[in-house]
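Worksheet: one structure, shown below.
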There are 2 protein chains.
Amino acid sequence: MSTSDSRQRRKQARPAELMAAALDHFVQRGFAATRLEDVATQAGVSKGTLYLYFGSKEMLFKAVIQQGILPALEEGETLLSQHQGDARSLLQALVLRWWAMVGSTPLGGIPKLMIAEAGNFPEVAQYYYEQVIVRIRSLLRRVLQRGIEAGEFRPLDMESCIDVILAPPLMLAIWRYSLVPQGCGKQDPETYLNTHLELLLNGLSVRE
Amino acid sequence: MSTSDSRQRRKQARPAELMAAALDHFVQRGFAATRLEDVATQAGVSKGTLYLYFGSKEMLFKAVIQQGILPALEEGETLLSQHQGDARSLLQALVLRWWAMVGSTPLGGIPKLMIAEAGNFPEVAQYYYEQVIVRIRSLLRRVLQRGIEAGEFRPLDMESCIDVILAPPLMLAIWRYSLVPQGCGKQDPETYLNTHLELLLNGLSVRE
DNA sequence: CAAAACTGACTGACCGGTCAGTAATGTAGC
DNA sequence: GCTACATTACTGACCGGTCAGTCAGTTTTG
């Protein structure tokens, strides 16, 4: 057994371990307040080793953001293309899948991180906007379109609806990485998401 | 005319000017990345002067948070106690009033700031939670209670409902101080809030 | 023993915080 | 009104600690 022993040379596992540690610290402390020595220590290496794999603190930040979110996005897009039932259940499935894959994992800290650091990294913000936000919104737009065409949903202002759908799950994730760790209570995430969906689907539905 | 001339001694106006400048920088850059020299310069004084009014960077931070939010909160509480009509219109009035007094002003950056820095300032987070979040939630709880008792609203899980009501306006404010300044588009805030209220009130309503 | 992975002491820039000094304002005496 | 002195708001050069980034040297591996 030597998988996570110290003082081993494991070139290929280092980047992922360093990025995981960096995400932890960035989310908890912010970019500027994070010390690379701490990140390296948590990943089980020295600061010098970090610089063998990432050219600078900023490059580490970009890497953390970029490879943290793309997998989950692709999952969502295949979910949309394969789904057979009505738009209601598709919307529900997307939200709950997001929670399982992103919201409830360390990746759930990325929205908070991106929001906090957008001002300091305009190019990363731009990248995140185009590669993540635009794609998520387009995904939800297609779901709403499907629901409206099938007569399930009322034809409200679509762009606003998308944001209203997104806000509560995002706030849930942000909350978990900001005030909850300081002991400011939050009830069960599942109950919260279910109430959101209940309220949302009821609000969207055509009255019979 | 000498009100905002430089090199004047204006002891009593300094604290407010310094806090306004500090809020600007903290919201845009984050606490750690904000340089006090920049804050002082923007307020039209030198760094030394800042230290005549605030004992340290952290005390400046606390002052910015504390006196930024309490006035608006009191306004909301008097609105609740004086309102006469149904719960629907009260909820609507509260949201729109918040937008006018907080969301659309520089104070709207405080939620973003608090979220980003909660990990670095547990005591401030605690204070913010108890003095702001708990009070806002209790305010909304009373509104929902009133609506349920009057037969206007369905009796869903109250605590979750409160958070679902809060999330979209909060995200709107957060958005304005994170990605929008980087040129990532957002449509009209009023349209967004109205859709939120429409969706929400429809979702809450008892079906006849 | 050669190459590759890794280390940690070191450097230099940066910034929070200090304080001796400066300039504006107030005031008293003429 | 003017001058002399006291008070107080304000300044900015400086100090010391911190940390991103470097690199000469050490350890592991083939």
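Keep in mind that this is a model prediction, so the values were computed, not measured. Throughout, protein chains are lettered first and strands after them, A, B, ... in sequence-line order, and every chain is numbered starting at 1.
Straight-line distance from the CG atom of A:L50 to the P atom of D:dG21: 10 Å, rounded to whole Å. In this structure, B:R29 atom CZ and C:dC15 atom P are separated by 12 Å, rounded to whole Å. Across the protein-nucleic acid pair, B:K57 atom NZ and C:dG17 atom C1' stand 12 Å apart, rounded to whole Å. Counting to the nearest Å, the C1' atom of D:dC14 and the OH atom of B:Y51 are 14 Å from each other. Atom CD in B:Q8 sits about 19 Å away from atom P in D:dT8, given to the nearest Å. Spacing between atom CD of B:E37 and atom P of D:dG12 amounts to 9 Å, rounded to whole angstrom units. With rounding to whole Å, B:H25 atom NE2 is found 12 Å from C:dG16 atom P. Straight-line distance from the CG atom of A:D38 to the P atom of D:dT18: 13 Å, rounded to whole Å.
For a distance-only test at 3.5 Å, the side chain of B:K47 qualifies as a donor-acceptor partner of the base of C:dG16.
Within the 4.0 angstrom heavy-atom criterion, no nucleotide atom of any strand lies near B:T41. In this structure, A:F54 reaches neither bases nor backbone, as no heavy-atom distance under 4.0 Å exists between it and the strands shown.
An OP1 or OP2 oxygen of D:dC10 is reached within less than 4.0 angstrom by a side-chain nitrogen or oxygen of B:R14. Distances shorter than 4.0 Å separate none of the side-chain N or O atoms of B:R9 from OP1 or OP2 on C:dT25. A close approach under 4.0 Å does occur between a side-chain nitrogen or oxygen of B:Y53 and OP1 or OP2 of D:dC10. Using a 4.0 Å cut-off, no side-chain N or O of A:T49 falls inside it from OP1 or OP2 of C:dC6. Distances shown here put every side-chain N or O of B:Q12 at or beyond 4.0 Å from the OP1 or OP2 atom of D:dA9.
Ion pairing of A:R146 with A:D86 is absent here, as no side-chain N (NZ or NE/NH1/NH2) approaches a carboxylate O to less than 4.0 Å.
The side chain of A:S46 lies closest to C:dG8, out of C:dG8, C:dA5, D:dA9. Side-chain proximity of A:L36 to the nucleotides C:dC15, D:dG21, D:dT11 is greatest for D:dG21.
Taking OG of B:S89 as the start and CD of B:Q92 as the end, the distance is 7.5 Å to the nearest 0.5 Å.
Between B:G48 and A:T34, it is B:G48 whose nearest contact on DNA chain D lies nearer the 5' terminus. Each of A:A33 and B:L52 lies near DNA chain D, and the nucleotide nearest B:L52 is the one positioned closer to the 5' end.
Tested against A:F26, the residues A:F121, A:F61, A:Y177 include a single ring pair (Phe, Tyr, Trp, His ring centres under 6.0 Å) partner, A:F61.
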task = Apply side chain to side chain donor-acceptor pair (under 3.5 Å) to the pair B:E75 and B:W98, showing each step before the final yes or no.
result = CA-CA 9 Å; B:E75 161 105 7; B:W98 169 86; over 6 Å; no

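A:K62 forms no cation-pi arrangement with A:Y127, by the criterion of a distance under 6.0 Å to the ring centre and an angle within 45° of the ring axis.
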